Novice: 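Quick one: the structure is below, and I'll ask about it shortly.
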Number of protein chains: 2
Amino acid sequence: MSHSSRSRLRMQTASLPPTPSDGTRRRILETALQLFATRGYHDTSIRDLAKALELQPSALYAHFPSKEHVLAELVRIGHEAHHEALALALKEAGTTDPAEQVRALVRVHTRLHALHPQLALVVNEEFYALTPEMAAPALALRTQSTLLLAEVIERGIAQQRFSPPHPRATAAAISAMGVRLPYWYELDNGLDVDTLADVHAELALRMLGVRERK
Amino acid sequence: MSHSSRSRLRMQTASLPPTPSDGTRRRILETALQLFATRGYHDTSIRDLAKALELQPSALYAHFPSKEHVLAELVRIGHEAHHEALALALKEAGTTDPAEQVRALVRVHTRLHALHPQLALVVNEEFYALTPEMAAPALALRTQSTLLLAEVIERGIAQQRFSPPHPRATAAAISAMGVRLPYWYELDNGLDVDTLADVHAELALRMLGVRERK
DNA sequence: GTCTATAATGCGATAGAC
DNA sequence: GTCTATCGCATTATAGAC
């Protein structure tokens, strides 16, 4: 860490999805998430992390073999939670109507990024700090999640319910709305998460050429 | 820099907008842009930069007082080029029709991010590595650029030509399309820049509730 | 599983010659 | 404006006691 007050995200208690994990390991992940999100992975040292945890640096190595393994675990948790949430949303939508499926996917994508901004930031910005080998599991999940949306869009097009100007670019634009949330959206600022999720779902359907529903 | 082959952007000759600048200083900026975009600011050392330039580390200090000043200059150039391009596009649109103004803004925003992906990445991801004092000029430009789009949208709403579900979230979504381009878009991949710019303009107008133009 | 102590290396930046 | 050489300090990680 360096000397200034610069930071890319307001300091706040890190919100990590529930995981089956013992106490200290979990504390390390939560604290690392907070620091990595605020200052970045490369600008956060093992010493910074240990100090925030009120531990000696060497104590961390009883829980993770390296700093990179801490990041890799956060990135894995983030991608896993994201993919599971998307798959569950599709399943619970209980419909084969592509518009409703897009709505379900976008709503949960937005909710996740709005409610876990630190994890979203670390997953998306520090992903590339991992060696390809350590990033591989997350990358596989990322590909699957991207496919979930792409396939729903393709189905909607095949059924002539969607008419995006360019399917791939439109899918990217829909995803980008959520991914960029940590940079501007803050809770308790007059726009609650559910409203935002509805707004994003509406924007996605407009991009796909679906007229206003009743 | 570290030992692995990890990188967040394919290595390629860095594309920096033309600036009035003498030879070595310009070479430093171009090389730093390439390295910062590929590996990140904190993971690129003065030694890495010097080696890529075939200079000794100390030679850099004849051109920039610190590593942070190199980044600050790149961030400043990026924000300046962006804001100038947006303002020029608005002016050259030669109309007060909000839809045409949004089209002009989105087209140039997209072109810039597609044609200068490294600069876009560094500007957006490494911005927060700067001390607040060094980031201030860029931040001011960023605020102005955001306002350009927000004001056009507000005017379109006042004239009842636009009906976004939420003006602020919609403006953010429109901007996000461009900002996320470096992560997926590649030239010479079957989708040329002008087509992409048109697609984004169309998506923006759909989000704003403007029906297809003839 | 946490501690003290330290190894081995890399970092940003500077001094001073040319 | 570039070089050689180096300062002072931070870095990740390990050794070994408890």
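Remember, it's a predicted structure, so these values are computed and weren't measured experimentally. In what follows, every chain begins at residue 1, and chains take the letters A, B, ... in the order their sequences are listed.
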Novice: Under 4.0 Å between a side-chain N or O of A:Thr24 and OP1 or OP2 of C:dT2?
Specialist: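 So the side chain of A:Thr24 is within the cut-off, an N or O lying under 4.0 Å from OP1 or OP2 of C:dT2.
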
Novice: Rounding to an integer number of Å, can you tell me how far B:Ile28 CD1 sits from D:dG1 P?
Specialist: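 Whole-Å distance recorded here is 10 Å.
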
Novice: Which nucleotide, C:dG12, D:dA13, D:dG1, lies nearest any side-chain atom of B:Arg47?
Specialist: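 Nearest to the side-chain atoms of B:Arg47, counting from C-beta on, is C:dG12.
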
Novice: Atom CZ of B:Phe64 and atom P of D:dT2: how far apart are they, to the nearest Å?
Specialist: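 These atoms are roughly 12 Å apart.
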
Novice: Could you tell me the separation between the CG atom of B:Asp43 and the C1' atom of C:dC11, rounded to a whole number of Å?
Specialist: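 My rounded result for the distance is 12 Å.
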
Novice: Quick one: are A:Ser175 and A:Thr146 in side-chain contact, heavy atoms under 4.5 Å?
Specialist: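 Not touching, per the 4.5 Å side-chain cut-off.
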
Novice: It should be established whether A:His63 places a side-chain nitrogen or oxygen under 4.0 Å from OP1 or OP2 of nucleotide C:dT2.
Specialist: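 For C:dT2, OP1 or OP2 has a side-chain N or O of A:His63 closer than 4.0 Å.
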
Novice: Report yes or no: is there a donor-acceptor pair, N or O only, under 3.5 Å between the side chain of B:Ser45 and the base of C:dC11?
Specialist: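 No, no donor-acceptor pair under 3.5 Å.
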
Novice: Of the listed nucleotides (D:dT14, D:dC3, C:dA13), which one gets closest to any side-chain atom of B:Leu55?
Specialist: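 From the listed options, D:dC3 comes nearest.
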
Novice: Rounded to the nearest angstrom, tell me the gap between atom NZ in A:Lys67 and atom P in D:dT14.
Specialist: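 The answer, rounded to whole Å, is 15 Å.
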
Novice: Strictly below 4.0 Å, N to O, side chains only: are B:Glu73 and B:Arg76 in salt-bridge contact?
Specialist: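 B:Arg76 and B:Glu73: salt-bridged.
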
Novice: Counting side-chain heavy atoms from C-beta on, which of C:dT14, D:dT4, C:dT2 comes nearest to A:Ala59?
Specialist: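 Output: C:dT2.
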
Novice: Please report the distance, rounded to the nearest Å, between CD in A:Gln56 and P in D:dA15.
Specialist: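 Distance check: A:Gln56 CD to D:dA15 P gives 18 Å.
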
Novice: Can you tell which of D:dT4, D:dT2, D:dA13 lies closest to the side chain of A:Ser66?
Specialist: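 Nearest to the side-chain atoms of A:Ser66, counting from C-beta on, is D:dA13.
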
Novice: What integer distance in Å separates B:Ile46:CD1 from D:dG8:P?
Specialist: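 My rounded result for the distance is 20 Å.
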
Novice: Rounded to whole angstroms, how far apart are NE2 on A:His69 and P on D:dT14?
Specialist: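 Nearest whole value for this atom pair: 11 Å.
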
Novice: Considering only side-chain heavy atoms of A:Ser58, which listed nucleotide, D:dA15, C:dT14, D:dT2, is closest?
Specialist: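 Shortest atom-to-atom distance from the side chain points to D:dA15.
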
Novice: Output yes when B:Glu151 and B:Arg155 qualify as a salt bridge under the 4.0 Å nitrogen-oxygen rule, no when they do not.
Specialist: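 No, this pair does not count.
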
Novice: Show your working on side-chain hydrogen bond (donor to acceptor under 3.5 Å, both in side chains) between B:Arg25 and B:His63 and close with a plain yes or no.
Specialist: CA-CA 6 Å; B:Arg25 183 184 161 88; B:His63 303 275; over 6 Å; no

Novice: May I ask you to check whether B:Asp48 and B:Ser45 show a side-chain donor-acceptor distance below 3.5 Å?
Specialist: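 Looking only at side-chain atoms, B:Ser45 and B:Asp48 do form a donor-acceptor pair, the distance falling under 3.5 Å.
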
Novice: Report the distance from atom NZ of A:Lys51 to atom P of D:dT11, rounded to the nearest whole Å.
Specialist: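 For the pair A:Lys51 NZ and D:dT11 P, the rounded distance is 10 Å.
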
